[in-house]
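See below for the structure under consideration.
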Number of protein chains: 2
Amino acid sequence: MSDRTKASRAYADLVRRIQTMRPHEMLPREVDLADELGISRTTLRQVLTTLTAGGSIYSVRGTGTFVSEAKIDKGGALSGFSEDMRARGMTPGSRLLHAGPELADGPVAEHLGLRAGAVVYRIERLRLANEIPMCIEEVRLPAEYFVDLLTHDVSAGLYDLLKSVYSVEVAVARQTITSSVATAAEAELLGIAAGEPVMNVQRTSQDARGRSIEWARSRYRGDRYEFTLTATRNGLV
Amino acid sequence: MSDRTKASRAYADLVRRIQTMRPHEMLPREVDLADELGISRTTLRQVLTTLTAGGSIYSVRGTGTFVSEAKIDKGGALSGFSEDMRARGMTPGSRLLHAGPELADGPVAEHLGLRAGAVVYRIERLRLANEIPMCIEEVRLPAEYFVDLLTHDVSAGLYDLLKSVYSVEVAVARQTITSSVATAAEAELLGIAAGEPVMNVQRTSQDARGRSIEWARSRYRGDRYEFTLTATRNGLV
DNA sequence: AAGTGGTCTAGACCACCCT
DNA sequence: GGGTGGTCTAGACCACTTT
């Protein structure tokens, strides 16, 4: 959404323009469109590529570029709990269950790419949506990247904190989702009955340099949460 | 993987080159690299953008371009069951439970963007991995796009069929995952006990033109299946 | 000041679809 | 043959980091 470059400004212009058009309506030819937007065709094509990847438009070789039909709205799979809940129109909340340093044992060290015995921070929170318990979240972060992390407020909006204080942003995340039934302890925290379904989400995050910066395990109550994701076919490869 | 364009050939070359390098090792400067690969810097940058999006490399402004550290291998969220299972090293199988035309009722018509009462094909299959039941899959496809679909063998590899016979490919898919416990009927088909956890995956797929081409509901057994996905931060926006 | 990636351009040529 | 998107180029200039 940054309007620092011509391309991103043209992108915003074009998105607005597409919204006023009907599905399968044809866009002006690229040379003309570039002219209207005040950019070169090369820059325009960069913008069009992004829009195509996002499913807003499609082009047919030798024929033209068209507005796509239904818009599958993309859920931000890279967002954290707070952002995710706000996108769903709910108010996120948090109750801190634990926050402290510990030594990484085998599995944790492996997931984070650290040597066994390295220091990690473990933060465990009960996450709420509109005051209702939604999931139990357990996050581990390498202490070497986030010095004095616990002197800050980690009860909510952890990603904002990592970005603003440590200038670290998630670039790639891998999530594994499994289904199970709640144990007695989990059930009590989540306010459900033992034996009810829960979704387990394990997540490993890396920054742009490819360093693992987070390993998280969440247990969502299955009766109230649904996990949404959008996949797009890649270009070039 | 197509080597028809200079860019895709350079991409393949560069991937091979990166594999011989160590994490955080610096690549040659762009002008030189473009020269070595026999392409212009503009074309090279297109390739580098793809590699960056894929998490293979990262670049630091004013400094250089580097090989990323750990490689999170991307699971193809756009693949079908057969492809998915083969990627996990298992042999996919299928038992056809039902295949026939029907009239789209409200919810189905809505998901597929059809008028109520349009004809859709419903295909229900029990999907196996190494002969073991893995999920129950119910797919609905608009008959207007896939004329005489049922004269073909739909028991396995449906996506391959859609591509080879109808030249239709999935470009964007949206999936919603929820957790529940198996009903008696589901449990029997899946070979588990009623009350055990299952994962429900609902999926809407669109082709490049934005037409909804598939609506599917799957129920995976929670004890044997895990859902993996990789998310990457987008450029431009 | 020198070196690097980031943005943008004008224009050439190719591949394909239509009438 | 005329129109459209797809690929590729050489080069300019900017922004940032390092010495």
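Sequence lines set the chain letters: A, B, ... in the order given, protein chains first and strands last, and positions in each chain run from 1.
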- Query: Counting side-chain heavy atoms from C-beta on, which of dC8(D), dT9(C), dG6(C) comes nearest to E30(B)?
  - Reply: dG6(C)
- Can you tell me if T49(A) and T52(A) form a side-chain donor-acceptor pair at under 3.5 Å? no
- What nucleotide among dA15(C), dT7(C), dT9(D) has an atom nearest to a side-chain atom of R61(A)? dA15(C)
- Taken to the nearest whole Å, CE/M26(A) to P/dG3(D) is 12 Å
- Message: What's I39(B) touching, base or sugar-phosphate or nothing? Going by heavy atoms closer than 4.0 Å.
- Response: sugar-phosphate
- From the options dT7(C), dC8(C), dG5(D), select the nucleotide whose nearest atom is closest to the side chain of T43(A). dC8(C)
- Might you confirm whether atom CD of E102(A) has over 12 heavy atoms from other residues, nucleotides or ligands at distances under 6.0 Å? yes
- Message: Over all strands shown, is T42(B) touching base, sugar-phosphate only, or nothing at heavy-atom distances under 4.0 angstrom?
- Response: base
- Mark yes or no for whether R41(B), through its side chain, and L33(B), through its backbone, hold a donor-acceptor pair below 3.5 Å. no
- Query: Does S56(A) offer a backbone N or O that forms a donor-acceptor pair with the side chain of S68(A) under 3.5 Å?
  - Reply: yes
- Message: Rounded to whole Å, how long is the line connecting atom OH of Y58(B) with atom P of dG6(C)?
- Response: 13 Å
- Message: In this structure, how many angstroms lie between the P atom of dG6(C) and the CD atom of Q46(B), rounded?
- Response: 15 Å
- Query: Rounded to whole angstrom units, what separation is found between the NZ atom of K6(A) and the P atom of dC13(D)?
  - Reply: 14 Å
- Message: Can you work out whether S59(A) or V60(B) has the more 5'-proximal nearest nucleotide on DNA chain D?
- Response: S59(A)
- Item | Interatomic distance where CZ belongs to R29(B) and P belongs to dG6(C) [whole Å] | 14 Å
- Item | Interatomic distance, R4(A) CZ vs dC14(D) P [rounded to whole Å] | 15 Å
- Would you mind reading off the distance between F66(A) atom CZ and dC17(C) atom P, rounded to a whole angstrom? 13 Å
- Message: I'd like to know if R41(A) reaches the base of dG6(D) with its side chain such that a donor and an acceptor end up less than 3.5 angstrom apart.
- Response: yes
- Ranking G62(A) and G38(A) by the position along DNA chain C of their nearest nucleotide, the one closer to 5' is G38(A)
- Message: Let's see if you can work this out: which of dT17(D), dT7(C), dC17(C) has an atom nearest to the side-chain heavy atoms of R45(B)?
- Response: dT7(C)
- Query: Is the NZ or CZ atom of R211(B) both under 6.0 Å from the centre of the six-membered ring of Y145(B) and within 45° of that ring's axis?
  - Reply: yes
- Task: Could you state the atom-to-atom distance from CG of D32(B) to P of dG3(C) in whole Å?
- Result: 12 Å
